[in-house]
Amino acid sequence: MIVIYPGSFDPVTKGHMDIIERVSKKFEKVIVAVLVNSEKKTLFTLEEREKILENEIKSYGLSNVEVERFDGLLVDFAREHNSNIVVRGLRAISDYEYELQIAHINSDLYNELETIFLVAKAEYSYISSSVVKEIASYNGDISSFVSKNVEKEIKKKQD
Ligand code: COA
């Protein structure tokens, strides 16, 4: 069974990696789908976001996880990749409303598609990529939230 984990990953955090690692143990293959046309203005280019993710996945030793970019509808990407399972992480109740809306829309567009939610680990339940970037912009310590490599990549952007 192939499962898709979509997002903008600008950049990937330990919270995302926790979800990826856990889901990789339950499914044959995980495709981390990196959003091409995010409405968000990203710090990292698409290529950089992909490369950083690939390095993280390698360092976690997850051999059944692939990174692919996607544009357009998530349901079309899922169909093209013979998958009918999307995974999302739930950090707090505030994520729920938004996630429920996306899950319902995706299920309307592709009936067989199931969205499964993993509860984020408590220590990552209050972080997001934006929060990490904001702390870094004030030279705060982000080492609990991202890997050394991601920290380095963020610092490079600040130079
Ligand atoms: N740990 C840490 N952070 C997490 C997290 C976790 N477990 N789960 C989510 N986040 C954070 C992300 O870092 C991100 O933070 P940011 O806003 O500061 O960048 C935020 O939560 C949510 O972003 P993300 O998971 O990247 O999702 P998104 O809201 O940008 O995009 C998609 C969601 C990709 C699923 C959705 O936009 C999509 O499918 N788009 C394609 C178009 C489509 O099909 N539309 C129809 C359905 S609406």
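Start at 1 and go down the list; that is how both ligands and their atoms are numbered. What you see is a predicted model, and the numbers here were worked out from it, not measured in a lab. In what follows, residues are counted from 1 in the order of the sequence shown.
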Participant: Starting from atom 36 (C) of ligand 1, what is the nearest protein heavy atom, named by residue and atom, and what distance separates them?
Facilitator: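 Minimum-distance protein heavy atom for atom 36 (C) of ligand 1 reads Ile102 CD1, 4.4 Å.
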Participant: Which one holds for Leu73 and ligand 1: side chain close, backbone close, both close, or neither close, with close meaning a heavy atom under 4.0 Å?
Facilitator: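 The answer is both, backbone and side chain.
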Participant: I'd like to know if the side chain of Arg49 reaches the main chain of Ser8, judged simply by a donor and an acceptor atom lying under 3.5 Å from each other, with no hydrogens or angles considered.
Facilitator: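 Flag set: sc Arg49 to bb Ser8 pair under 3.5 Å.
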Participant: Any carboxylate oxygen within less than 4.0 angstrom of a Lys/Arg side-chain nitrogen, looking at Lys148 and Glu151?
Facilitator: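 No.
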Participant: I need the atoms of ligand 1 closer than 4.0 Å to a non-hydrogen atom of Gly72, numbered in the order shown.
Facilitator: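 Atoms satisfying the 4.0 Å criterion: 41 (C), 42 (C).
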Participant: With sequence neighbours left out, which residue pairs that include part of residues 130-145 fulfil the side-chain hydrogen bond (donor to acceptor under 3.5 Å, both in side chains) condition?
Facilitator: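 The answer is Asp10-Lys133, Asp141-Ser143.
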Participant: Take the angle between the ring planes of Phe77 and Phe70 and call it parallel below 30°, perpendicular above 60°, tilted in between.
Facilitator: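 Answer is tilted, since the angle falls between 30° and 60°.
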Participant: Using a strict cut-off of less than 4.0 Å between a Lys/Arg side-chain nitrogen and an Asp/Glu carboxylate oxygen, indicate whether Glu48 and Lys157 qualify as a salt bridge.
Facilitator: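 Yes, this pair counts.
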Participant: Can you pull out every side-chain hydrogen bond (donor to acceptor under 3.5 Å, both in side chains) where at least one residue sits in residues 104-128? Sequence neighbours excluded, please.
Facilitator: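 Every candidate side-chain hydrogen bond (donor to acceptor under 3.5 Å, both in side chains) pair involving residues 104-128 fails, so no pair, neighbours aside, qualifies.
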Participant: At what distance is the nearest protein heavy atom to atom 22 (C) of ligand 1, and which residue and atom is it?
Facilitator: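 Ranking protein heavy atoms by distance from atom 22 (C) of ligand 1, first comes Lys40 NZ, 4.0 Å.
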Participant: Among Glu99, Glu134, Arg91, which one puts a heavy atom closest to atom 10 (N) of ligand 1?
Facilitator: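 Answer by nearest heavy atom: Arg91.
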Participant: Quick one: do Asp18 and Arg22 make a salt bridge, cutoff under 4.0 Å?
Facilitator: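 Between Arg22 and Asp18 there is a salt bridge, with a charged N closer than 4.0 Å to a carboxylate O.
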Participant: Among protein heavy atoms, which sits nearest to atom 27 (O) of ligand 1, and what does the distance come to when rounded to 0.1 Å?
Facilitator: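 Scanning the protein heavy atoms, the shortest distance from atom 27 (O) of ligand 1 goes to Arg88 NH2, 3.2 Å.
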Participant: Among protein heavy atoms, which lies nearest atom 29 (O) of ligand 1, and at what distance?
Facilitator: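 Here the closest protein heavy atom is Tyr98 OH, 2.7 Å.
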Participant: Closer than 3.5 angstrom, by distance alone: can the side chain of Glu66 be matched with the main-chain N or O of Ile31 as a donor-acceptor pair?
Facilitator: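 Such a contact is absent between Glu66 side chain and Ile31 backbone.
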Participant: Can you see which heavy atom on Ala78 is nearest to which on Leu113, and at what distance?
Facilitator: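 Here Ala78 and Leu113 meet closest at CB-CD1, 3.9 Å.
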Participant: At what distance is the nearest protein heavy atom to atom 40 (N) of ligand 1, and which residue and atom is it?
Facilitator: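 Nearest neighbour among protein heavy atoms for atom 40 (N) of ligand 1, to 0.1 Å: Leu35 CD1, 3.9 Å.
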Participant: Between Thr13 and ligand 1, which part of the residue brings a heavy atom under 4.0 Å of the ligand: side chain, backbone, both or neither?
Facilitator: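 Under 4.0 Å from ligand 1, Thr13 contributes side-chain atoms alone.
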Participant: Could you list the atoms of ligand 1 found under 4.0 angstrom from a heavy atom of Ser129?
Facilitator: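 Answer, ordered by atom number: 13 (O), 15 (O), 18 (O), 19 (O).
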Participant: Tell me, which protein residue and heavy-atom name are nearest atom 18 (O) of ligand 1, and how many Å apart are they?
Facilitator: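 Answer, as residue, atom name and distance: Ser130 OG, 2.3 Å.
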Participant: Would a single hydrophobic cluster contain both Ile57 and Leu118, if residues Ile, Leu, Val, Met, Phe, Trp and Tyr are joined by side-chain heavy-atom contacts under 4.5 Å?
Facilitator: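 Yes: a chain of side-chain contacts under 4.5 Å links Leu118 to Ile57.
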Participant: With heavy-atom distances below 4.0 Å as the criterion, list the atoms of ligand 1 near Gly15.
Facilitator: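 Under 4.0 Å from Gly15, ligand 1 has these atoms: 1 (N), 2 (C), 6 (C), 7 (N).
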Participant: Do any nitrogen or oxygen atoms of Asn106 come within less than 3.5 Å of a nitrogen or oxygen of ligand 1?
Facilitator: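 Among all N and O atoms of Asn106, none is under 3.5 Å from an N or O of ligand 1.
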Participant: With a 3.5 Å distance limit and no angle check, can you tell me whether Arg88 reaches the backbone of Glu99 through a side-chain donor-acceptor pair?
Facilitator: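 Looks like no, no N/O pair under 3.5 Å.
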Participant: List ligand 1 atoms under 4.0 Å from Ile19, heavy atoms only on the residue side.
Facilitator: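 Counting from 1, the qualifying ligand atoms are 7 (N).
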Participant: Ignoring hydrogens and angles, tell me if any N or O in the side chain of Ser24 forms a donor-acceptor pair with the backbone of Leu62 under 3.5 Å.
Facilitator: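 Not at all, since once roles are kept as given, no pair shorter than 3.5 Å links the two residues.
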Participant: Taking only heavy atoms of Phe70, which atoms of ligand 1 are found under 4.0 Å from at least one of them?
Facilitator: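 So the answer, numbered in order with elements, is 41 (C).
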Participant: Between Val146, Ile127, Val132, flag the one that comes closest to atom 3 (N) of ligand 1 by a heavy atom.
Facilitator: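 Looking at heavy atoms only, Ile127 sits closest to atom 3 (N) of ligand 1.
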Participant: Ligand 1 and His16, any nitrogen or oxygen pair closer than 3.5 angstrom?
Facilitator: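 In this structure, His16 places an N or O atom under 3.5 Å from an N or O of ligand 1.
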Participant: For ligand 1, does Asp18 get within less than 4.0 Å through its side chain, its backbone, both, or neither, judged by non-hydrogen atoms?
Facilitator: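 It is neither part, as no heavy atom is under 4.0 Å.
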Participant: Check ligand 1 against Leu74 and write out every atom of the ligand that is under 4.0 Å from a heavy-atom position of the residue.
Facilitator: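 What qualifies from ligand 1 is 39 (O), 43 (C), 44 (O).
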